[in-house]
Amino acid sequence: MSQSEYTTAQTTALINHDRKPIHLTGSIQPHGVLLALSTQLEILQVSNNTQVYLGKEPKDLLGQPLSYLLDPGQVEIVKQCLVKKIGSSNTFKVLRNTLNGEQYFDAIAHRTEEAVILELEPTDSESELSFLSFHSLAGEAIAKMQSTSNLIEFLHSVAKEVQKIIGFDRVMVYQFDQSEAGSVVAEVKREDLSPYLGLHYPATDIPAQARELYTRCFLRFLPDLTVEPIKLVPTENTTTHQPLDLSYCVLRSFDQCCTQYHQNMGVNALLVISLVQEQKLWGLISCHHQTPKYVSYEVRKMCEFLGQIVSSELAHKISHSEWDYKVKLKSLQSEFLESISQADNFIDALIKPEIRLLDLVSASGAAVCLDNEITLVGTAPNIHQVQALIEWADIQVSDNLFSTDSLPKLYPEALIFKDTASGLLLLRISKVRRYYILWFRPEVIQTVHWAGNPNESMQTQADGSITLSPRKSFEQWQETVRLTSLPWKACELDSAIALRNAIVGIVLSKADELAKINLELERSNQELASFAYAASHDLKEPLRGIYNFSTVLLEDYAQVLDDDGIECLQTVVSLSVRMETLIDALLRLSQLGQAQLRLQATDINKLLNEVIDVFRASRQDSQFVDIRIPRPLPTILCDRILVNEVFSNLLGNAFKYNDKAEQWMEIGYLSQEEAGGEELLAHTQSPITFYIRDNGIGIPQHHLATIFRLFKRLHSQQKYGGGAGAGLAIVKKIVELHNGKVWVESTVGVGSIFYFTLE
């Protein structure tokens with residue numbers, strides 16, 4: 001079988017494996033019992049172990065109402081699932097007389113499209129996990145996890161704290177890459193176990209269906225991989241005549257492939273916590289134990305809660321590390337695109353200075369092709385090699401943007417210049433003419449450490465077909481990866497697209513082509529302006545989870561909490577609210593970046609009166625502030641709503657940062673003739689300069705250049721009423737949208753004067 005035939009067979013085997021309906025197993029794990037109910041709460045299916053747990057044979061339960069087993073209050077809790085979204089669960093305690101006497105159960109109820117599912121797990125506890133127990137287990141863990149900004153240190157702390165809680169032999173943090181393969185990036189283990197840290201695992205180890213279920217169900221628990229599953233009776237739902245959907249069931253059984261895979265690793269108990277970012281599975285906290293081990297439902301729910309906190313913190317750690325690079329690229333884009341848009345000869349604007357074109361996508365070399373004219377920049381293949389590469393791209397590449405980190409595998413002729421261009425980012429500027437920009441990255445030889453030979457997962461059968469089978473060895477297996485470069489990041493691809501959209505306005509002359517490209521330019525500019533919006537918007541979802549879980553604990557467990565417990569949880573809620581304030585400020589700033597001004601003639605006197613009325617109404621103690629307006633203010637052309645926000649922010653700051661017994665602020669304007677002074681005139685290009693003067697605490701000189709930065713605060717949250725530190729950044733953004741400028745003069749202990757112009 002040739003390599004291409006083997007690859008095709010491998011792909012087919014993977015697709016067939018992914019089609020196995022792992023959520024329709026028709027069976028459960030034996031450490032609990034399952035009942036499937038109709039929408040009228042009539043028992044339609046049961047697991048074939050009800051005699052063991054409930055003292056009732058399946059045939060005695062089928063067709064019975066749920067009230068046959070539960071009291072009215074418990075039935076009502078289950079009934080509430082009918083109005084909840086699919087997957088949302090209700091949990092409660094159930095006491096039943098069994099063959100072994102009284103037994104408490106953890107009851108977990110949720111609904112599917114066609115049924116309501118009730119699962120019962122025996123428990124030794126008649127009460128829910130107390131908050132003090134929760135705080136003892138989770139409080140310290142959360143604090144330690146949040147104490148570092150380094151991503152790897154954070155993930156190691158996560159693994160360590162989870163192991164403390166559940167006591168498994170090994171806890172790993174497993175991260176997926178773009179190809180769905182993964183690697184162990186953090187690990188805590190028993191000393192005598194072989195390490196898995198740094199090992200890679202192929203995508204076939206966790207099939208697509210399993211990854212999809214992990215995205216929906218944040219925790220999976222298999223306490224004993226040696227047990228036989230318990231079948232459902234009957235095998236199909238009597239209403240739908242289809243297998244029961246067990247996607248959200250905590251007792252859902254596992255298939256033989258999963259059992260064999262983990263037992264080959266010496267694992268007999270498994271607990272997996274999902275880490276989800278932007279509704280995609282970022283990774284897993286995978287916990288292994290060599291012998292069967294049961295973890296109570298309450299502790300598992302706490303682990304799930306910790307997983308969501310980790311996902312929230314993970315977003316912050318990742319965005320923090322990537323944010324600076326994205327900001328740098330965006331700044332470079334703005335400068336670059338502005339120079340190109342104003343250039344008569346855009347090729348000079350592209351390559352002078354040459355480092356700017358390379359930095360735009362972090363490349364080591366580039367080639368600019370305008371029909372038959374090719375200009376090389378940095379370290380690049382020679383002219384003839386680039387010409388041949390473009391000939392290949394004309395045939396093989398249909399999109400405007402193409403990228404690969406392994407060009408020689410697609411274009412064998414690139415082997416000759418692999419040291420220069422193993423990575424290629426190709427930008428087609430025009431489909432009418434041969435206008436290209438090509439960026440290059442050199443080969444980076446890498447040694448990848450796999451957990452066993454990944455090729456052993458593919459078993460060749462007698463008929464020549466290839467099937468997936470769990471490999472038997474997980475000993476470290478090294479692979480040297482050649483002919484690859486560092487991968488291209490999404491933000492680098494966005495930079496290239498933005499560049500294309502700027503260039504077309506200069507190099508294309510046909511009206512129909514211009515119309516299409518201008519549409520692309522508008523779309524890419526919106527994408528560039530909204531990257532902060534998307535990042536901060538997506539952060540709010542896990543934050544709401546933290547807030548909601550904390551609020552639920554306060555509401556549902558208040559009666560078992562002491563004062564310290566309530567105070568700790570209230571602190572979590574307060575910090576969540578604080579973080580949401582910061583995210584809202586970032587969202588507001590990013591929205592301004594996409595705002596379209598609605599200019600209209602605006603009487604600033606009326607506008608200011610509205611601002612002052614709202615100001616005094618929202619701050620009772622502001623009645624004692626002397627607000628002075630020396631002379632009537634002019635009528636100007638501006639966006640009334642945004643300028644209202646400017647005055648509101650500046651008045652609010654003047655009031656907040658004032659410790660005088662008699663507070664005052666003065667609002668006025670200077671005409672260009674009145675402005676005077678070289679320094680002021682340097683700022684003032686508009687005929688009118690507005691100012692707000694106060695007698696507040698003042699600002700030190702060394703902070704004057706930085707106070708307009710986002711989240712820049714000169715004082716702690718406890719002083720001067722707190723705040724997000726975004727008000728002045730928003731003021732600056734709005735003023736700049738009006739082609740104006742804002743600046744400040746200040747003397748510590750005397751007061752400040754904020755000036756701004758609107759053109």
**Message:** Does the plane of the ring in Phe756 sit parallel, tilted or perpendicular to the ring in Phe647? Use 30° and 60° as the thresholds.
**Reply:**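 Plane angle over 60°, so perpendicular.
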**Request:** Kindly assign one of parallel, tilted or perpendicular to the pair Tyr755 and Trp743, based on the angle between their ring planes and the thresholds 30° and 60°.
**Result:** parallel
Who passes side chain to side chain contact (heavy atoms under 4.5 Å, CB included) against [X], sequence neighbours left out?
{"X": "Lys606", "answer": "Asp603"}
{"X": "Glu610", "answer": "Arg640, Asn644"}
{"X": "Arg628", "answer": "Asp626, Trp664, Glu666"}

**Prompt:** Who are the ring-ring contact (aromatic ring centres under 6.0 Å, His included) partners of Phe754, not counting sequence neighbours?
**Reply:**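 Listed in chain order: nothing, the list is empty.
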**Request:** With sequence neighbours excluded, tell me which residues meet ring-ring contact (aromatic ring centres under 6.0 Å, His included) with Tyr691.
**Result:**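 Result, ring-ring contact (aromatic ring centres under 6.0 Å, His included) vs Tyr691: none returned.
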Grab the two heavy atoms, one from [X] and one from [Y], that are nearest each other, plus how far apart they are.
{"X": "Gly307", "Y": "Leu275", "value": "O-CD2, 3.8 Å"}
{"X": "Pro487", "Y": "Arg441", "value": "O-NH1, 2.8 Å"}
{"X": "Met665", "Y": "Ala654", "value": "CE-CB, 3.9 Å"}
{"X": "Asp399", "Y": "Arg428", "value": "O-NH1, 2.8 Å"}
{"X": "Ser746", "Y": "Gly751", "value": "OG-O, 3.2 Å"}
{"X": "Asp405", "Y": "Leu486", "value": "CB-O, 4.1 Å"}

**Asked** Can His738 and Cys638 be said to form a side chain to side chain contact (heavy atoms under 4.5 Å, CB included), step by step?
**Response** CA-CA 7 Å; His738 286 80; Cys638 67; 3.8 Å; yes
**Message:** I'd like to know whether Asn649 forms a side chain to side chain contact (heavy atoms under 4.5 Å, CB included) with Asn653, so could you lay out the CA-CA distance, the side-chain angles of the two residues, the decisive distance to 0.1 Å, and finally the verdict.
**Reply:** CA-CA 6 Å; Asn649 275 314; Asn653 279 357; 5.6 Å; no
How about [X] and [Y]: do any of their side-chain heavy atoms sit closer than 4.5 Å?
{"X": "Leu642", "Y": "Glu645", "value": "yes"}
{"X": "Ser403", "Y": "Leu493", "value": "yes"}
{"X": "Pro634", "Y": "Phe690", "value": "yes"}
{"X": "Leu758", "Y": "Ile688", "value": "no"}
{"X": "Leu637", "Y": "Thr602", "value": "no"}
{"X": "Lys489", "Y": "Glu492", "value": "yes"}
{"X": "Leu425", "Y": "Leu401", "value": "yes"}
{"X": "Lys280", "Y": "Thr215", "value": "no"}

Measure from the side-chain N and O atoms of [X] to the backbone N and O of [Y], and report whether any donor-acceptor pair falls under 3.5 Å.
{"X": "Ser362", "Y": "Leu358", "answer": "no"}
{"X": "Arg631", "Y": "Tyr669", "answer": "yes"}
{"X": "Trp439", "Y": "Leu357", "answer": "yes"}
{"X": "Trp488", "Y": "Thr404", "answer": "yes"}
{"X": "Lys660", "Y": "Gly696", "answer": "yes"}

Atom pair [atom1]/[atom2] of [X] and [Y] - distance to nearest 0.5 Å:
{"X": "Asn609", "Y": "Leu607", "atom1": "CG", "atom2": "CG", "value": "9.0 Å"}
{"X": "Leu155", "Y": "Glu153", "atom1": "CG", "atom2": "CD", "value": "10.5 Å"}
{"X": "Arg693", "Y": "Ile753", "atom1": "CZ", "atom2": "CD1", "value": "4.0 Å"}
{"X": "Ile707", "Y": "Ser752", "atom1": "CD1", "atom2": "OG", "value": "7.5 Å"}
{"X": "Asn400", "Y": "Ile497", "atom1": "CG", "atom2": "CD1", "value": "6.5 Å"}
{"X": "Gln600", "Y": "Thr635", "atom1": "CD", "atom2": "OG1", "value": "11.5 Å"}

**Test log, rule side chain to side chain contact (heavy atoms under 4.5 Å, CB included), inputs Leu426 and Tyr436** = CA-CA 7 Å; Leu426 181 147; Tyr436 287 101; 3.6 Å; yes
**Request:** Could you walk me through whether Phe218 and Val276 pass side chain to side chain contact (heavy atoms under 4.5 Å, CB included), step by step?
**Result:** CA-CA 8 Å; Phe218 296 147; Val276 177; 3.8 Å; yes
**Message:** With side-chain contact (heavy atoms from CB on, under 4.5 Å) as the test, pick out the partner of Leu650 among Ile667, Ile692, Val611.
**Reply:** Ile692
**Prompt:** With a 3.5 Å cut-off and no angle check, do the side chains of Asp694 and Asn658 form a donor-acceptor pair?
**Reply:**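 Their side chains do not contain a donor-acceptor pair, so the 3.5 Å distance test is not met.
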**Prompt:** Can you name the residues that form a salt bridge (charged side-chain N to carboxylate O under 4.0 Å, His left out) with Arg434, not counting sequence neighbours?
**Reply:**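 Here the qualifying residues are Glu391, Asp394.
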